[in-house]
Amino acid sequence: MARNVTDEPTASSGGEQTGDKEKAAQGKAALTKALKPVQGRLNLGSALAVVSGLLSVAPYAALVAIGDLLLDAWTRHTTPDAGRVWLYVIVLIGTFLLRGLVYFIALSITHFADCTLGAGIRKSMADSLGKAPLSTFNASTSGMIRKSVHDDVETLHSLVAHWPVEGTAAVAAPIALFAYIVVLDWRMALLALATLPIYFGIQMFTVAGMSEKTALMDTKIGIVSSTVVEFASGIAVVKAFGRNGKPLRQYERAADDFLKFYNDWCGPLVRGCSISEAFIAPSIITVINLAGGMLMVQAGYVTAPQVLAATLTAMMLPSTITTISNMQWSYQLAGSAALRIERNLQVTPLPEPEHPQHPNGHGVRIDHVGYSYGSTVALNDVSLDIPEGTMTALIGPSGSGKSTLATLIARFDDPASGSISIGGIDLRDIASEELYRTVGFVLQDPQLIRATIRDNIALGKPDATLDQVRAAAKAACIDEEIMALGEGYDTVINGTTALSGGQEQRIAIARALLKNAPILILDEATASVDPESEAQIQQALNALVKRRTVIVIAHKPSAVTGADQLAVMDHGRIIACGTHDELADESHVRALDELVWRNRAATQTRPDASAARSGTQSNESTLSTAQEVAHHA
């Protein structure tokens, strides 16, 4: 079975709520586990934030004391005690500065903790994904992996770097100030809270089921992200065939589904929150506290400076409530992020042999292999011998299992049944490093990384010298074009320069030449380039396939006439095997050839038919010539 990372739980309409509740609970547990390495520093930051909150009382108390002194002197028509006034001013300024210093230290601690946690998570995920089976990575999971490695770690940033301090201070300071108001007069304290019961009553009704809804929203965002990656990877085909492409429809369905869910959820939520927040608006709180406070001043319960301090404290409550709400939202998002991170860290790598064995030669034997993608059977009891130094072509229609079989030879995954061996040794008994030195790939998509051209060519041999890199590039007919670039081999691909498809393909061929793997898999390496690049790629392939065991993946029998043997695949099985001449009258081979001719006839009615025919013929001649060279080498 193929292994996938970051699988999101899918829920039917009947079990959706249960699944989202379970995901929310799992997210909380994953978040607790993720924060464990820095929890001590986060607790220290929170403790300092509490100290900062307590210190926030002193400036208010000093301000009230100064106001009372001045008011008392005014009513008595005397001069206020300057010494006491300056003492309270010093207390006010000193505690305010001390509070800021403690707050700064607390934020510094949590920010350094965030740096440590983020670096540790990214390193752990890189190690985990680096050991994952290559079948893990496809168009749909790539979006979720990118979201996890980049976006999810960023989601934890606010929770780690800010909320332990800002969230704690936002709660501690108002509580300390409220306690101070209670000490001044309990009636003013009640006045400060007058509208809060109405606010919380509306909020409790509005945000019911928030955790489950947030988990469901995160799931839908993950689906949209994966379909965007799949759509972007096939954008050329989508543009060529209009809006009827499957990737575009999938993306539109995912986006529409998310939009409907979000509108249905957030419409009532926004209305309810707007109504509730109107009751804690600063203007409402100010009017209530000043009006009520003046009545208590007239009654002789409190003084005007005390009313002013109580009103200023009450006005802090809306921002405190907003901060707490944002903190809860961040915790819910961070729970889903931590869950995806945990799943990436728990990817099961392919087992390494305890006692590695070395292949005795480079022949490949496939023995009764079966493999499935979920419930879809990709290979069913496939057996095939590929002698060393020969070329074998896997041909068949799309979905017949050709690419799956080829990737299993490179141990992208282990077969569900049967075995694959190289040089008489099962792949599972060969160390992965030796296996990847033995098997090389040239794919339709060159899969170049964002790095210098030199690093891309030397990817399979990092210690290669520049002379060795250039020798491989010359053999791949790309050296002159690289040297013509402004920075030569130090040019960053997809950074400072974008290369054509033919140039990227020849760089991939140079990479395979430098790696010098004795077994080579060609997955229609010339199918996606323009006809003008064909001659150069043909020459590069001629150098690449010499003296190697070559496995070619193709749709058309006519494109592999130089192969030593053809393995015809259909519905995950090998239904015929032999030379091109031996299979010339085989029904499946004839059907494939007839399909090619029908497609050619259909392209003649399109404006680009001439270019399409030219590209098709050139692809066929390129592969045939390369195979003839390998056959006679």
Side-chain angles (χ1 to χ4, degrees), residues 44-109 165-194 196 280 282-323:
L44 177 58
S46 297
L48 291 176
V50 171
V51 174
S52 173
L54 295 176
L55 287 172
S56 66
V57 176
Y60 283 90
L63 184 63
V64 170
I66 293 172
D68 285 340
L69 278 174
L70 296 177
L71 184 62
D72 182 66
W74 181 76
T75 55
R76 293 174 181 271
H77 302 288
T78 60
T79 301
D81 187 340
R84 293 182 65 188
V85 170
W86 279 110
L87 175 63
Y88 289 135
V89 169
I90 291 172
V91 170
L92 189 154
I93 297 174
T95 53
F96 181 81
L97 294 176
L98 180 60
R99 176 181 178 273
L101 177 61
V102 172
Y103 194 82
F104 172 78
I105 294 173
L107 278 178
S108 298
I109 291 172
V165 177
E166 295 176 5
T168 302
V171 174
I175 289 177
L177 289 170
F178 181 76
Y180 173 66
I181 297 175
V182 172
V183 171
L184 291 178
D185 190 279
W186 62 270
R187 286 163 290 220
M188 283 198 306
L190 292 179
L191 195 62
L193 304 178
L196 287 186
I280 58 169
S283 57
I284 298 295
I285 290 176
T286 301
V287 169
I288 292 175
N289 280 268
L290 287 179
M294 288 303 101
L295 292 175
M296 285 190 283
V297 169
Q298 293 176 359
Y301 296 129
V302 294
T303 65
Q306 292 173 339
V307 171
L308 179 61
T311 302
L312 292 175
T313 300
M315 290 176 63
M316 293 178 59
L317 293 178
S319 61
T320 299
I321 293 171
T322 301
T323 300

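Just so it is clear, the structure is predicted and the values come from calculations on it, not from any experiment.
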**Study point:** Check against side-chain contact (heavy atoms from CB on, under 4.5 Å), Trp74 and Leu71
**Key:** CA-CA 5 Å; Trp74 181 76; Leu71 184 62; 4.2 Å; yes
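- Closest approach of Tyr88 to Ala62, counting heavy atoms only: O-CB, 3.5 Å.
- Counting heavy atoms from C-beta outward, Val302 and Leu184 have side chains that stay 4.5 Å or more apart.
- The minimum heavy-atom distance linking Pro174 with Ala169 is given by the pair CD-O, 3.8 Å.
- Distance check: Leu63 CG to Leu308 CG gives 6.5 Å after rounding to the nearest 0.5 Å.
- The salt bridge (Lys or Arg N to Asp or Glu O under 4.0 Å) search around Arg187 returns Asp185, not counting sequence neighbours.
- Applying the side chain to side chain donor-acceptor pair (under 3.5 Å) test to residues at least two apart or on different chains, none of the pairs has a partner in residues 91-104.
- The two residues Ala106 and Ala49 have their closest heavy-atom pair at CB-N, 4.4 Å.
- The CD1 atom of Ile109 sits 10.5 Å away from the CZ atom of Phe104 when rounded to the nearest 0.5 Å.
- Among pairs with a residue in residues 55-73, those fulfilling salt bridge (charged side-chain N to carboxylate O under 4.0 Å, His left out) read Asp72-Arg76, at least two apart in sequence or across chains.
- Heavy-atom minimum distance, Pro80 versus Leu70: CG-CD2, 3.9 Å.
- Checked against side-chain contact (heavy atoms from CB on, under 4.5 Å), Ala179 has no partners two or more places apart in sequence or in another chain.
- Taken to the nearest 0.5 Å, the CG atom of Leu48 stands 10.0 Å off from the CG atom of Leu107.
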Name every donor-acceptor pair, under 3.5 Å, that has one atom in a side chain of residues 287-295 and the other anywhere in the protein, sequence neighbours excluded.
residue: Asn289; atom: ND2; partner: Ile285; partner atom: O; Å: 2.8

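- A pairwise comparison of heavy atoms in Ile181 and Ala310 identifies CD1-CA, 3.8 Å as the closest pair.
- The OG1 atom of Thr303 sits 11.0 Å away from atom CE of Met296, with the distance rounded to the nearest 0.5 Å.
- To the nearest 0.5 Å, atom CG of residue Leu98 and atom CD1 of residue Ile93 are 13.5 Å apart.
- Sorted by first and then second residue, the side chain to side chain donor-acceptor pair (under 3.5 Å) pairs with a member in residues 48-60 form an empty list; sequence neighbours excluded.
- If you take CG on Leu87 and CG on Leu92, they are separated by 11.0 Å, rounding to the nearest 0.5 Å.
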